Amino acid sequence: METIRSAVEATTGHDGPTRPTASPHTTPLHTPVCGLFGLRQPIFAFSHSIPVAAAVSRCGGLGTYGATRRTPQEIRDELVLLRRLAGDTPIGVNLVLPPGMPEDDDPDAIERELPERHKAFVRGLYEKYDVPPPKRRGMRTRFLRSNEIARAQMEAVLASDVDLVACGIGMPADFVERCKRAGKRIVALCGSPKHARRAIDSGADFLVAQGHDSAAHTGPIGTFSLVPQVVEAAGSVPVLAAGGVMTGRHVAAGLALGAQGAWTGSLWLATEEYAIHPLLLKKLIAAGSDDTVITRSESGKTFRQLRSAWSDEWSAPDAPRPLAMPYQDVLVGDLLGAIDDHEIEPLMHYAVGQGVAWIRERQSVAEVYARLVDETHAALGAVAAMTGAAR
Ligand SMILES: Cc1cc2nc3c(=O)[nH]c(=O)nc-3n(C[C@H](O)[C@H](O)[C@H](O)COP(=O)(O)O)c2cc1C
């Protein structure tokens, strides 16, 4: 095990800023990508929770706040809070910036174009499940995905002191260039080798190879097939493995596939710092890998989530085909908000990957992080012992 560990440490690129790292408690696990930020371990977390993102950064990894559904002003305020909680450790922010969205933030204009059949289907769900009217606009309808909002979100990110900008879908050239001029690194989430090459040409500093197992917007290629293909396509550009990374064995496997670290999302959903509804937490803990489905009914793009009456209804033979983004957002946004606000249990669901099978208990971020790092060392050591490399 020591042999492998020092071999991994020997590849460290100490060419980046060496920031004080927060956690002296976890054993270092250096790969070259750590050198970009002065990380203790190449563990990257995506989270909609600022306390989770901050805690991961303080542990020695890098927490990235998912801000795509936040208003520009919220992004400004929340990134200040993230910095305050993370101290001097590196932090990131994620935006989803799909091309082809409408110009203006005008949900009513989109609403007027929604097909009657789809609106009737949504009204039917309100009736069938006794969903009271929404108390407020839903997360997907409080503003429209539009070029107008995207530009203002990008300005909010540029005004912040985040170290990393993670592009979920879309990488506007001007934004990438301005981020880089401001000293921010760019990571692009890729679901295919083709995406990887495009992202590198567009200026990504490193890539996430996000496999089919993953939560939320995901592509058709499984993590095991995707990661080495993206590594090959990326050449000298570092790659992180994503999609099903829930244990140290997964991190070690990602390293063996040629990645330099892991990008994780589902791993943090049951942490004490993550504010999740108790009913959803119960569903996550009870679920196995075959309890997730891919549906376009959430946002119009393929999206992995917990199976529920929501996904079942939309996959029924008489259900309409979900609309494209942002039409589906507007069609279902208020209903989704009402389902959560009124706790309509059968329809409640959440984005999660196939790794949900490992969500078993509530633990703090620091406990999950330390377990992940310890398990990674153990897995690397076990492989070395099994193959005789440790002698
Ligand atoms: C609840 C949830 C919401 C997500 N939302 C986004 C998002 O807004 N933008 C994005 O780029 N990735 C999003 N992701 C995907 C993560 O960035 C990451 O690629 C994915 O979670 C990795 O797979 P895993 O869940 O198996 O760890 C989300 C993941 C989760 C769990």
Side-chain angles (χ1 to χ4, degrees), residues 43-49 52-53 56 61-70 75 92-98 139-140 145 150 153 157 164-171 186-191 195 199 204 206-219 221-224 226-227 230 239-251 253-254 259 261-271 274-277 280-281 283-284 287 289 291-292 294 298-306 325 329 336 340 348-359 368-369 372:
I43 305 294
F44 292 72
F46 169 94
S47 184
H48 288 305
S49 157
V52 169
V56 170
L62 198 156
T64 295
Y65 175 53
T68 191
R69 280 292 165 189
R70 309 301 288 164
I75 293 175
V93 66
N94 168 272
L95 289 179
V96 174
L97 302 162
M139 184 261 278
R140 294 182 180 280
R145 250 188 217 294
Q153 288 179 318
V157 165
L164 173 67
V165 176
C167 296
I169 305 175
M171 278 182 74
I186 301 282
V187 63
L189 275 70
C190 305
H195 289 164
F206 60 106
L207 305 176
V208 171
Q210 187 205 257
H212 181 66
D213 317 30
S214 118
H217 293 122
T218 185
I221 309 178
T223 304
F224 211 74
L226 180 70
V227 174
V230 171
V239 175
L240 305 175
V245 176
M246 300 296 281
T247 71
R249 277 178 288 152
H250 295 113
V251 179
W263 177 269
T264 54
S266 301
L267 182 62
W268 313 102
L269 295 179
T271 54
Y274 197 79
I276 192 165
H277 193 289
L280 287 170
L281 180 64
K283 287 189 182 204
L284 289 175
S289 291
D291 292 319
T292 71
I294 299 224
E298 192 79 14
S299 69
K301 291 195 186 286
T302 50
F303 190 94
R304 186 183 293 286
Q305 60 184 211
L306 266 186
M325 183 186 275
D329 283 335
L336 287 173
D340 285 342
M348 285 172 77
H349 58 272
Y350 212 75
V352 71
Q354 292 184 332
V356 68
W358 279 274
I359 297 183
V368 172
Y369 192 95
L372 196 70

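Indexing begins at 1, ligand by ligand and atom by atom, following the structure's order. Since the structure is predicted, the reported quantities are computational estimates derived from the model, not experimental observations.
- By the salt bridge (Lys or Arg N to Asp or Glu O under 4.0 Å) test, Arg69 is found to be paired with Asp329, residues two or more places apart in sequence or in another chain being considered.
- Partner Val187 forms a side-chain contact (heavy atoms from CB on, under 4.5 Å) with one of Val239, Leu164, Val165 and no other, that one being Leu164.
- The backbone N or O of Arg70 lies less than 3.5 Å from a partner atom in the side chain of Gln153, making a donor-acceptor pair.
- Aromatic ring orientation, Tyr274 versus Tyr350: perpendicular (interplanar angle above 60°, classes split at 30° and 60°).
- Around ligand 1, the residues contributing at least one heavy atom under 4.0 Å from the ligand are Phe46, His48, Thr68, Asn94, Val96, Gly168, Leu189, Gln210, Ser214, Ala215, Ala216, Gly243, Gly244, Trp263, Thr264, Gly265, Ser266, Tyr350, Ala351.
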Start with the C-alpha gap between Thr64 and Asn94, add the side-chain angles, then the distance that decides, and say whether side chain to side chain donor-acceptor pair (under 3.5 Å) holds.
-> CA-CA 6 Å; Thr64 295; Asn94 168 272; over 6 Å; no
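- Aromatic ring orientation, His217 versus Phe303: perpendicular (interplanar angle above 60°, classes split at 30° and 60°).
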